Amino acid sequence: MLPQIVRDPELSSPLGASCHRYLVDEEDSESSRESRSRALLAKLQEQVRARERQSISNTPDEDDKEQKKRKPEKTETEEVPRKTKKSENERKTHAADEVASSAKKKKKQTNKTLSTENESTGDKESINEKSVEITETSESDREENKKTEESVEPQISQEAKAENGSSQSGFHVLGGFKGKTVQKVKRVLPQWLAQPDVIQRDITNNLIPVSEVPGICPTLLKKLEMNGIQSFFPVQAEVIPAILESVASGLLVGPGGYRPRDICVSAPTGSGKTLAFVIPVVQALSKRVVREVRALAVLPTKELAQQVSKVFSTYTEGTNLKVVMVTGQKTFAAEQTTLSENRGGVSHSLADIIVATPGRLVDHINKNPNFGLQHLRFLIIDEADRMIDSMHQSWLSQVTKAVYRSTGDTQTSVFRRVLPGPITVASLSPPQIPLQKLLFSATLTQNPEKLQLLDLHQPRLFSSTHTCTETTTQRQDTFNFPQGLTEYYVPCTLSKKPLIILHFLLRLKFSPALCFTNSREGAHRLYLLVKLFGGVEVAEFSSKLSPGERQKTLKDFEQGKIPLLISTDAAARGIDINGVKCVINYDAPQYIRTYIHRQVSIIQQKPMWEKNFLQMVRDAGSPGIQRHFVQPEAFKSMEARYDQALAELSKVVKEENAKKRF
Ligand SMILES: Nc1ncnc2c1ncn2[C@@H]1O[C@H](COP(=O)(O)OP(=O)(O)OP(=O)(O)O)[C@@H](O)[C@H]1O
């Protein structure tokens, strides 16, 4: 048992306080605790009531239901009936008794522990007393926490309710799920595509005298005059100064010391794109000291490459610039000897400008140890959309690798080149020769995925269009039709198509005429049929022929020895044949781009395709395609001879197939 210490009211020493702390009358503590817990309970009840009142005021709808469940409605004037309050109090008193009795039980429990320990050691009392204190403290802590919760909870419930209008407090419903109209996705072109530099399409009314175009050196002006070029076409007048501006500070750096912008040109067939890059490139390289490959023009077919190479050779004549063609028309070894030579154990380039087709170019990059592109400054991609489509050969990545390939001697040299990255002080020194891409096409794609393949640097687009008033959308969907083109379509039956060709050639004298078919077999059969019918010189032009045969055929056709040339699309792209009077689409092209490149003037049309084809051509911005109907009487007299030729044709085809099999 603990000695009882009598409390002395005079004692004011701290001891008194400690005496007070340890000398506690059992009954007193009992009743004071109970009164404290009652007071605490009353306070809690008050807060619960206040919270309920608040929830009633904040959520009239939801809470209404809640209230109806919980208690009758309270109108503004009506007092809460005391009875309700009273029963509320009873309820709360009952709850308070429960709390008090549980506190008693807990207390008894603690005492029991106390008494057990007391018997064993007198000192334990102080510790246990502390523990009792601790319990009280914890109760007051709990009360404190409760108050905090109480004070916070109504706020949360207010906020929550205010925010979400839900009667469940404490749940946050994020966002409002209202039905919204879905915005239609509009195609957004990159700015350089959407806002190109516009070039006038009308050539005849927009010729610019050559001398008025700034920056062209006198030597080239003289050469242009010698070749009969008095004025530039619009695309040349715009693009030549832009390319010359990018080499104004020399070949090593672009304007302002930065990498020059890549240039894209979309202009109709025959608008003079070839000269638009030949003139500035020849002028830019004419000042070079050491011969290295600094310009590379890549084209889809040998014929096109030949044509461009011829123009380059015309304007490099008299300079010490050398143009070499790499198209597979010679053997690989023969081409190797034209590209480089070994002097004193060191390989020297024999070419300044290379005009190539992708296949043979990649062969030299990978198999010709003396072939290097480390000094390449201009990469010209003519017929760019077709070159992009043929990108599956990944020729462009091979070229890029060759350009930035560091060999033994360029590892440390000033001209060591690294793939361009973010512009920093380090990346700008030492300066390295920038690689500038120049793209040309009559139907430049606006497909960002395809353009992505070209890895263009800040591209600038020159696009010729019908008129400046066209909206961007129109320009996106229309193509550049050549100036002075008249288009017809001839509805007819399948069996009568060859007769109409013969009618045009023999009766209407539409020659020289270039006739396109959609396949090599179609071209060959039509060629055989017209030949068997007789009366007109005819030749076929397709990849069935060797490069030499194709070259000779083109030449004879251009010289008028052949009035009818039957060709596949191989000849459609960009080949420039002077003096053609009529272009015939024997098979309607499935794609508008093919149509554009074929320079169609007369279409033979199967009736069922007529509507779709006309729609495609009109949507592409055709100046106007007219219907030209041929009366059956017009070729009545040819039908007997025609049937005979058909019979002979099937024999010839059978013989050819038999030969192929052996
Ligand atoms: N300024 C000019 N004055 C007169 N004739 C020109 C001029 N520019 C080009 N030509 C001639 O126009 C024809 C077409 O030129 P070019 O081949 O450059 O056109 P293009 O736009 O490249 O055609 P494609 O898209 O088919 O390659 C050529 O015969 C060329 O000699």
Side-chain angles (χ1 to χ4, degrees), residues 199-213 216 220-241 243 263-282 297-315 317 355 357 380-388 438-445 462-465 479-485 512 514 516 554-555 557-559 567 569-580 583 593-601:
I199 302 171
Q200 283 305 323
R201 189 176 68 90
D202 178 358
I203 293 177
T204 41
N205 300 326
N206 293 286
L207 289 172
I208 298 95
V210 167
S211 55
E212 286 180 19
V213 173
I216 299 180
L220 278 175
L221 288 174
K222 194 165 176 39
K223 208 157 277 165
L224 283 162
E225 200 181 334
M226 282 164 56
N227 287 284
I229 308 289
Q230 312 295 339
S231 315
F232 279 135
F233 293 169
V235 71
Q236 294 160 350
E238 294 287 331
V239 173
I240 292 174
I243 299 175
I263 290 179
C264 303
V265 178
S266 171
T269 295
S271 56
K273 294 189 288 297
T274 310
L275 272 183
F277 60 80
V278 165
I279 296 298
V281 168
V282 168
V298 191
L299 295 106
T301 64
K302 298 182 177 67
E303 289 71 26
L304 273 169
Q306 206 148 17
Q307 191 177 318
V308 167
S309 173
K310 204 164 82 181
V311 179
F312 263 120
S313 304
T314 305
Y315 290 93
E317 204 174 331
V355 182
T357 47
I380 300 150
I381 306 178
D382 200 355
E383 297 301 321
D385 56 319
R386 191 169 172 188
M387 297 305 293
I388 295 171
L438 308 175
L439 271 70
F440 295 82
S441 178
T443 57
L444 186 65
T445 178
F462 292 88
S463 174
S464 72
T465 174
F479 291 88
N480 303 306
F481 280 69
Q483 176 80 4
L485 177 71
L514 179 57
F516 287 106
L554 271 186
K555 203 169 166 197
F557 180 62
E558 210 161 17
Q559 290 167 355
S567 165
D569 279 319
R573 289 285 184 140
I575 284 194
D576 177 40
I577 304 170
N578 288 324
V580 177
V583 173
R593 290 175 193 279
T594 315
Y595 175 85
I596 302 286
H597 283 281
R598 284 181 176 180
Q599 280 252 353
V600 177
S601 54

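These figures come from a predicted structure and were not determined experimentally. In each ligand, atom 1 is the first atom listed, and ligand 1 is the first ligand listed.
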Heavy-atom contacts under 4.0 Å between [X] and ligand 1: side chain, backbone, both, or neither?
| X | result |
| --- | --- |
| S231 | backbone |
| Q230 | neither |
| S271 | both |
| I229 | side chain |
| P268 | backbone |

Residues two or more places apart in sequence or in another chain: which of them pass side-chain contact (heavy atoms from CB on, under 4.5 Å) with F312?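 Applying side-chain contact (heavy atoms from CB on, under 4.5 Å) to F312 gives F277, V278, V281, V282, A297, V308, V323, I353, V355, I380.
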For I199, does its backbone N or O pair with a side-chain atom of E238 as donor and acceptor, under 3.5 Å? no
Main-chain N/O of P268 paired to K273 side chain as donor or acceptor, under 3.5 Å: yes
For the pair K223 and N227, evaluate side chain to side chain contact (heavy atoms under 4.5 Å, CB included) and give the outcome as yes or no after the intermediate values. CA-CA 6 Å; K223 208 157 277 165; N227 287 284; 3.9 Å; yes
Which of the numbered atoms in ligand 1 are under 4.0 angstrom from any heavy atom belonging to F232?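 Counting from 1, the qualifying ligand atoms are 1 (N).
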For K273, is at least one N or O under 3.5 Å away from an N or O on ligand 1? yes
What I want to know is whether G270 and ligand 1 share at least one N or O pair that is separated by under 3.5 angstrom. yes
If you compare all heavy atoms of T357 against all heavy atoms of A305, which two are closest, and at what distance to 0.1 Å? CG2-CB, 4.3 Å
M387 to P300 - nearest heavy-atom pair and separation: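 Taking M387 first and P300 second, the nearest heavy atoms are SD-N, 3.4 Å.
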